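These notes concern the structure reproduced below.
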Amino acid sequence: MAYEHMTELFINGKRQGSSSGEIRNVLHPADAHLVATFHEAGASDTVAAIDAARHAFDSGHWGSFTGEQRGKILERVADILERDKELFAKAESEDTAKRLVEAQYDIADVISVFKYFSTLAPQNHDREVDPGRQNVRSTMTSEPIGVIAMITPWNYPLLQASWKMAPAIAAGCTFVIKPSELTPSTTSMMMDVFSEAGLPTGVANLVLGSGAVAGGPMSTHPGVDMVSFTGSLATGKRLMINAAETVKRVALELGGKNPNIIFADADLDAAIDNALTAVFLHSGQVCSAGARLLVERKIHEQVVTEIARRADLIRLGGATDPDAETGSLISAAHRDKVERYVADALSEGAILRAGGMRPEGAQFENGFFYRPTVLDNCTTEMHCVQDESFGPILTVEVFDTEDEAIKLGNDTIFGLAGAVWTSDSDKAQRVARQLRHGTIWINDYHPYVAQAEWGGFKQSGNGRELGEAGLAEYLEHKHIWQNLAPAPSQWFVPTKGKVDV
Ligand code: NAD
């Protein structure tokens, strides 16, 4: 498929420009070349998209699809993505500047997500409840929530979108999705995939553009039943406040400041190697990045010296540079933020052990590159330990005991992910169970599977994506009580005989 209209909005089954005629140029972050010029939706376009999704949900056609039929559509989506995976990987890599090989992994993960939810869609979740009396049938059943407003970030554009779109379709919802204005390509291409897979008109709708304008009605419009958001804490809070006015369901996947805990009895070769991947993969622009290294005091110097040495050797480059190990940051504004963050950390007393600057060389001049950076001598009260940088920055703290490691690991407003490195399996399990984060890896970092729920404790969000709970997010639960032998209750008009009616 050519995906030739991907720069346009997709409303009620049709590609169209924005009503205002406004446009936005999307630039490649590694060298600032023009990727494409996209139509920029105004609020009225978003309202039209919500109306289309509302109509598709309320009109009955989509509602008449069985779980098996919805599952078949998801299977076809996975097949089309498999056919076109190289086109998708290339587009994802162009928008984000992530290495092509990483974009290829992402698209493979997206395919797994659609396949997984295709198997959940046909499952019947009805449950008979014992009502504790005779002649009553009491059934718990579930139904799609309705119209979902989906808002997604720029770091894993299609992967984050798939965690919402696949379960929403499996559940029988309709939706309007707004990808980040920085990385709209692959989410837009999906609209053509859905059409080819036979998704009925109006079930999937797409608006492109800024959060403030195109995204505005998504959390306020009464036609939306649920807001499903992945992005920053600040935006998540704003959406939650907006959604309160009409009591929408709100699912939030927000930031993290994730502890990576290395005990002295760990396999240090593996721990050090994975500590680098944990934080520097995709230049640290990963919500679950292991940006906070907690290391036992007696191995601190050994571990930090080696991490810093290897960090200095990491090769930066463009997305298709075969020698590059990581790429640029997403934008000039984001690199400015990362630079300020490092400057503030140093003024708070952090010690620079690696990086702390832009790379030198003509090939980096037009992109938004920043060197992998290691900040030692950090403590929990410092901003650099508490605030998410979302860049290639590792902060280092030390601990002496297991209890202290747990206390430090939980000393954050976030609760998304973390890891424990030790050769003592009992200790690993003890620590893992006491850390208040949604995912804990033991002697590993980053892997996840579509069957296991993903999400945050505390201010990393609410609700879960993936797994069975990831489908349940898009379902309302209904209790049906059927009296099989109706009789007067005689509560208000106690009579001896039958009441005249
Ligand atoms: P962001 O909050 O700036 O933007 C996210 C999306 O929200 C974008 O599409 C943006 O246009 C939109 N938006 C902004 N203001 C809006 C408004 N008022 N109304 C409607 N939409 C609005 O976040 P970002 O910079 O794109 O993403 C980075 C953040 O995402 C980081 O904090 C990261 O930790 C988080 N993240 C979390 C997860 C997770 O699974 N928990 C995954 C990926 C990213």
Side-chain angles (χ1 to χ4, degrees), residues 24 26 29 38 40-41 43 46 49-50 95-96 98 106 109 113 149-164 176-184 187-188 206-221 224 227-243 248 250-258 281-291 329-331 333-335 337-338 341 387-391 412-417 437-439 446 448 452-466 470 473:
R24 174 187 295 268
V26 169
F38 288 84
E40 179 86 358
T46 305
I50 293 169
D95 278 7
T96 59
K98 68 173 64 179
D106 290 356
D109 282 359
V113 169
M150 303 174 179
I151 304 167
T152 50
W154 46 260
N155 59 333
Y156 286 84
L158 190 55
L159 192 58
Q160 299 300 337
S162 72
W163 292 10
K164 302 180 190 309
V176 178
I177 188 162
K178 191 198 83 61
S180 166
E181 55 274 39
L182 302 175
T183 56
T187 306
S188 180
L206 168 92
V207 291
L208 301 168
S210 74
V213 178
M218 297 182 83
S219 59
T220 55
H221 194 284
V224 171
V227 180
S228 178
F229 171 74
T230 303
S232 65
L233 175 59
T235 309
K237 283 183 187 171
R238 169 57 42 211
L239 295 177
M240 211 170 185
I241 291 167
N242 292 350
K248 300 186 195 315
V250 179
L252 302 175
E253 293 288 341
L254 307 177
K257 189 74 193 190
N258 312 292
L281 182 78
H282 193 19
S283 300
Q285 302 169 120
V286 182
C287 54
S288 51
L329 297 176
I330 189 73
S331 65
H334 187 45
R335 183 174 59 183
K337 185 188 142 195
V338 167
Y341 179 99
D387 301 340
E388 188 186 41
S389 76
F390 221 54
T412 162
I413 59 166
F414 295 110
L416 188 60
H437 298 265
T439 296
H446 278 321
Y448 79 96
E453 280 76 3
W454 176 268
F457 284 34
K458 301 193 273 182
Q459 294 187 40
S460 285
N462 58 36
R464 287 292 178 272
E465 295 197 301
L466 302 178
E473 287 283 301

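In listed order, ligands and their atoms are each counted from 1. Everything quoted here is computed from the prediction, not taken from an experiment.
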Under a 4.0 angstrom heavy-atom cut-off, which atoms of ligand 1 come close to [X]?
X    : result
P179 : 9 (O)
L416 : 41 (N)
N155 : 43 (C), 44 (C)

Which residue owns the protein heavy atom closest to [atom], what's the atom, and how far is it?
atom                    : result
atom 41 (N) of ligand 1 : L254 O, 2.7 Å
atom 25 (O) of ligand 1 : W154 NE1, 2.9 Å
atom 15 (N) of ligand 1 : T235 CG2, 3.3 Å
atom 17 (C) of ligand 1 : G211 O, 3.5 Å

| message | Are any of the N/O atoms on T230, whether in the backbone or the side chain, positioned under 3.5 angstrom from an N/O atom of ligand 1? | response |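 Among all N and O atoms of T230, none is under 3.5 Å from an N or O of ligand 1.
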
| request: Answer yes or no: does an N/O atom from T152 fall short of 3.5 Å to an N/O atom of ligand 1? | output: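 So ligand 1 has an N or O lying under 3.5 Å from an N or O of T152.
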
| request: For atom 10 (C) of ligand 1, state which one of E465, E181, M150 supplies the nearest heavy atom. | output: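 Result: the heavy atom closest to atom 10 (C) of ligand 1 is in E181.
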
| message | Just to be sure I'm reading this right: ignoring hydrogens, which of C287, S232, A234 gets closest to atom 39 (C) of ligand 1? Compare them by their nearest heavy atoms. | response |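 Nearest heavy atom to atom 39 (C) of ligand 1 lies in C287.
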
| task | Mind listing the closest non-hydrogen atom pair of I413 and K458 along with its distance? | result |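 The pair with the smallest heavy-atom distance is O-CB, 3.2 Å.
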
| query | Mind checking whether M218 has a heavy atom under 4.0 Å from ligand 1? | reply |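 M218: no contact with ligand 1 (<4.0 Å).
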
| Side chain or backbone of L239 under 4.0 Å from ligand 1, or both, or neither, by non-hydrogen atoms? |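 The part of L239 near ligand 1 is the side chain, not the backbone.
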
| message | Once you restrict to heavy atoms under 4.0 Å, what part of W454 touches ligand 1? Side chain, backbone, both or neither. | response |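 Side chain only; the backbone of W454 stays clear of ligand 1.
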
| Taking 4.0 angstrom as the limit, do E465 and K164 come out as a salt bridge? |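 Answer for the salt bridge query: yes.
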
| Protein heavy-atom contact under 4.0 Å for atom 13 (N) of ligand 1? |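 Yes; the ligand atom in question has protein heavy-atom contact below 4.0 Å.
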
